[in-house]
Engineer: 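Next up is a structure, given as structure tokens.
Read the numbers this way: they start at 1 and go in the same order the structure lists the ligands and their atoms.
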Amino acid sequence: MKVCVVGSGGREHALADVLRRHHDVVVAPGNPGIPGSTPEPPESIDADLFVVGPEAPLVDGLADRLRAAGHLVFGPGADGARLEGSKAWMKEVVSAAGVPTAAYSSFTAVTPAVAFLETLSPPYVIKTDGLAAGKGVLVTESLDDARSGVAEYLSGAAFGDAGRTVVIEEGLVGPELSVLAVCDGSRAVALAPAQDFKRIGEGDTGVNTGGMGAYSPVALADHSVVDDVVSRFVQPTLDELVRRGIDYRGVLYAGLMFTESGPRLIEFNVRFGDPETQVVLPRLTSDLGELLAQAAAGRIEREPEFSRDAVVTVVLAAEGYPSAPRTGDVIGGLEAASGVDGVSIYFAGVGEGTDGSLVTAGGRVLNVCGRGPDVSAARTVAYRGASEVSWPGVVMRRDIAAEA
Ligand code: AMP
Ligand code: GLY
């Protein structure tokens, strides 16, 4: 098969790498670090299967346009992608589906929003209704910060129109888990679970980012936990989408928190997670292209299979990420890093310098992945690789998977 992966980040690099085990792959637009990248728009590429990586083109209807042109596409249409495009709508759908999730209300005006905040106990959780690249969530112990957050979101000052409706949620506490399920319109099958590290700082401190590292497998999530997530969270949501006439063929990514009263849904994303994909897909031993093509065609016929090996990824970000990343620095040490046994590097925010070397061109610049027989061994390999890579001001967390 010829597969076209749409997107330009570390997730798309990992998708392309794993798909290429069995298929020909192009990545549109990709980046200078991803082999097979092409500047051609997806609409003008002739491929047997399209796999759309990021949420923004899905919310914008790219999968619908490609399907209308007769292509086989893995990724929901704009109707299903609204699960990620509007958190208020997602909350309404999952409530109708009976999925356990944090209590919430949504607001467009400051006074009732603040009045609702004052009825809650910390941590206070405030989210933009619309897309904000994983950065639109404020979690704070301080009621004052929560009040001023609400005002900044609703005024449009913090996140533009994405914040003009806010969702305020009950604050949950506990370890998080990402379960990515592949859906064929009526049935969901889970991939191996992963844990992501969302905060910029070690010890889970500082602001939320798109994700600073991840690992898979996750000890707290054995088969019975994953089966429970599919049967109580993902499948009921897919069934609710069917009831609403939505034919959802793509990833339903359940972000969960394991609270004292059991697992609770934090959010659904409508795509593969980044950086979860970089640790989940390399562990796949069955054919990814076949799975995604079957889901895209409306019938998954074979369950995915995974190696017992573990993979850990560490994100290397540019100075100033997530608010104002510095770009244009030459990335050193790539050859030494990729020479470390068990290391793979997936490129995200990179560009090409005048001499052909790779330079930083975005917030999350690259992922160094380490593979090993268990999480601790994989972690050692990942950090051995990461320590070889350098540019001025490089930011990375040193505690990814430290307690796994
Ligand atoms: P989201 O974009 O909805 O995944 O939120 C990003 C991160 O914010 C999550 O991974 C959690 O760490 C945190 N978060 C979101 N919702 C809640 C909540 N209700 N309680 C506590 N933390 C949350
Ligand atoms: N790693 C979190 C996300 O992909 O949204």
Side-chain angles (χ1 to χ4, degrees), residues 7 9-12 14-15 53-56 58-59 83-91 94 100-106 117 120-141 146 149 153 159 162-163 166-180 191 193-201 203-216 251-261 263-281 313-315 317 322 346 348 363-364 367 397 400:
R11 164 184 51 210
E12 287 75 25
L15 276 161
E55 62 277 16
L58 291 167
V59 170
L83 273 184
E84 185 166 356
S86 168
K87 286 195 194 278
W89 190 71
M90 180 273 285
K91 283 295 217 175
V94 303
T101 187
Y104 77 104
S105 265
S106 57
L117 269 178
L120 301 176
S121 43
Y124 303 98
V125 180
I126 295 150
K127 303 183 175 185
T128 58
D129 178 54
L131 293 181
K135 295 157 205 159
V137 178
L138 173 67
V139 182
T140 175
E141 296 289 323
Y153 279 46
F159 293 100
V166 294
V167 171
I168 298 180
E169 286 184 10
E170 170 196 9
L172 304 175
V173 180
E176 290 184 44
L177 187 73
S178 303
V179 175
L180 280 50
L191 302 179
Q195 195 161 60
D196 175 26
F197 293 77
K198 289 239 169 61
R199 302 290 190 106
I200 187 76
D204 293 328
T205 53
V207 293
N208 265 314
T209 69
M212 294 300 292
Y215 68 94
S216 177
V251 171
L252 263 182
Y253 155 158
L256 302 150
M257 200 168 259
F258 283 78
T259 72
E260 279 179 356
S261 2
R264 295 283 182 275
L265 183 82
I266 296 176
E267 63 169 347
F268 271 123
N269 293 319
V270 299
R271 49 168 175 87
F272 286 100
D274 187 347
E276 289 93 328
T277 303
Q278 291 89 310
V279 296
V280 171
L281 293 187
T313 192
V314 180
V315 170
Y346 293 131
R364 293 191 291 178
N367 301 265
R397 279 181 60 165
I400 302 301

Engineer: For Gly273, counting its heavy atoms only, list the atoms of ligand 2 lying under 4.0 Å from any of them.
Structural biologist: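 Heavy-atom distances to Gly273 below 4.0 Å select 4 (O).
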Engineer: Give the numbers and elements of all ligand 1 atoms closer than 4.0 Å to a heavy atom of Lys87.
Structural biologist: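 Ligand 1 atoms under the 4.0 Å threshold to Lys87: 1 (P), 2 (O), 3 (O).
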Engineer: Between Arg264 and Met257 (side chain of the first, backbone of the second, donor and acceptor by atom type, cut-off under 3.5 Å), is there such a pair?
Structural biologist: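 Checking the backbone N and O of Met257 against the side chain of Arg264, no donor-acceptor pair under 3.5 Å is found.
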Engineer: Nearest 0.5 Å please: distance from the CG atom of Asp204 over to the CD atom of Glu176.
Structural biologist: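 The distance works out to 8.0 Å.
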Engineer: Judged by non-hydrogen atoms, does Pro275 sit under 4.0 Å from ligand 2?
Structural biologist: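 In this structure, Pro275 qualifies as a contact of ligand 2 - some heavy atom is under 4.0 Å.
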Engineer: Enumerate the atoms of ligand 2 whose separation from the nearest heavy atom of Asn269 is less than 4.0 angstrom.
Structural biologist: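 Here the atoms of ligand 2 in question are 5 (O).
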Engineer: With a 4.0 Å heavy-atom cut-off (strictly under), which part of Arg271 contacts ligand 2: side chain, backbone, both or neither?
Structural biologist: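 Only the side chain of Arg271 comes within reach of ligand 2.
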Engineer: Show which atoms of ligand 1 fall inside a sub-4.0 Å distance from at least one heavy-atom site of Glu176.
Structural biologist: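 Ligand 1 atoms under the 4.0 Å threshold to Glu176: 9 (C), 10 (O), 11 (C), 12 (O).
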Engineer: Can you check whether Val166's main-chain N or O pairs, donor with acceptor, with Asp129's side chain at less than 3.5 Å?
Structural biologist: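 Flag not set: sc Asp129 to bb Val166 has no pair under 3.5 Å.
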Engineer: Within this structure, what is the CD-CG distance for the pair Glu84 and Asn269, rounded to the nearest 0.5 Å?
Structural biologist: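 Output value for this atom pair is 4.0 Å.
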Engineer: Any idea which atoms of ligand 2 are less than 4.0 Å away from a heavy-atom of Tyr253?
Structural biologist: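 In order of numbering, the contacting atoms are 1 (N), 2 (C), 3 (C), 4 (O), 5 (O).
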Engineer: Does either side chain, that of Ser178 or that of Glu276, offer a donor lying less than 3.5 Å from an acceptor on the other one?
Structural biologist: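 A donor-acceptor contact under 3.5 Å links the two side chains.
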Engineer: Quick one: which ligand 1 atoms are inside 4.0 Å of a heavy atom on Glu170?
Structural biologist: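 Once the distances to Glu170 are compared, the set is 18 (C), 19 (N), 20 (N).
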Engineer: Got an N/O contact under 3.5 Å between Gly210 and ligand 2?
Structural biologist: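 Such a contact does occur with ligand 2.
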Engineer: Would you say Tyr215 and Thr313 make side-chain contact, with heavy atoms under 4.5 Å?
Structural biologist: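 No - every pair of side-chain heavy atoms lies 4.5 Å or more apart.
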Engineer: Go through ligand 2 atom by atom and flag the ones less than 4.0 Å from a non-hydrogen atom of Glu276.
Structural biologist: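 In order of number, 1 (N), 2 (C), 4 (O).
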Engineer: Enumerate the atoms of ligand 2 whose separation from the nearest heavy atom of Lys198 is less than 4.0 angstrom.
Structural biologist: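 Selected atoms, number and element: 2 (C).
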Engineer: For ligand 1, which is the ligand I care about here, please tell me if Leu172 has any N or O atom under 3.5 Å from one of the ligand's N or O atoms.
Structural biologist: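 Min N/O separation from ligand 1 is below 3.5 Å for Leu172.
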Engineer: Using 0.5 Å steps for rounding, measure from the OG1 atom of Thr101 to the NZ atom of Lys91.
Structural biologist: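 If I round to the nearest 0.5 Å, the distance is 3.0 Å.
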Engineer: Using a strict cut-off of 4.0 Å, indicate which atoms of ligand 1 neighbour a heavy atom of Asn208.
Structural biologist: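 The list of qualifying atoms is 7 (C), 8 (O).
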Engineer: Is there a donor-acceptor contact under 3.5 Å from the side chain of Arg364 to the main chain of Asp274?
Structural biologist: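 Flag set: sc Arg364 to bb Asp274 pair under 3.5 Å.
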Engineer: Measure the CG-OG1 distance between Leu15 and Thr277 for me, rounded to the nearest 0.5 Å.
Structural biologist: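 Answer for the CG-OG1 pair, Leu15 versus Thr277, is 6.0 Å.
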Engineer: What do you reckon, does Asp196 have a nitrogen or oxygen under 3.5 Å from a nitrogen or oxygen of ligand 2?
Structural biologist: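 There is such a contact, yes.
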Engineer: Report the part of Val125 (side chain from C-beta onward, or backbone N, CA, C, O) that has a heavy atom under 4.0 Å from ligand 1; answer both or neither where that applies.
Structural biologist: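 Near ligand 1, Val125 shows its side chain, while the N, CA, C and O stay back.
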Engineer: Just jot down the ligand 1 atoms closer than 4.0 angstrom to any heavy atom of Gly171, in number order.
Structural biologist: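 Result: 20 (N).
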Engineer: Would you say that Met90 contacts Leu83 through its side chain, given a criterion of any heavy-atom pair below 4.5 Å between the two side chains?
Structural biologist: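 Contact flag for Met90/Leu83 side chains = yes.
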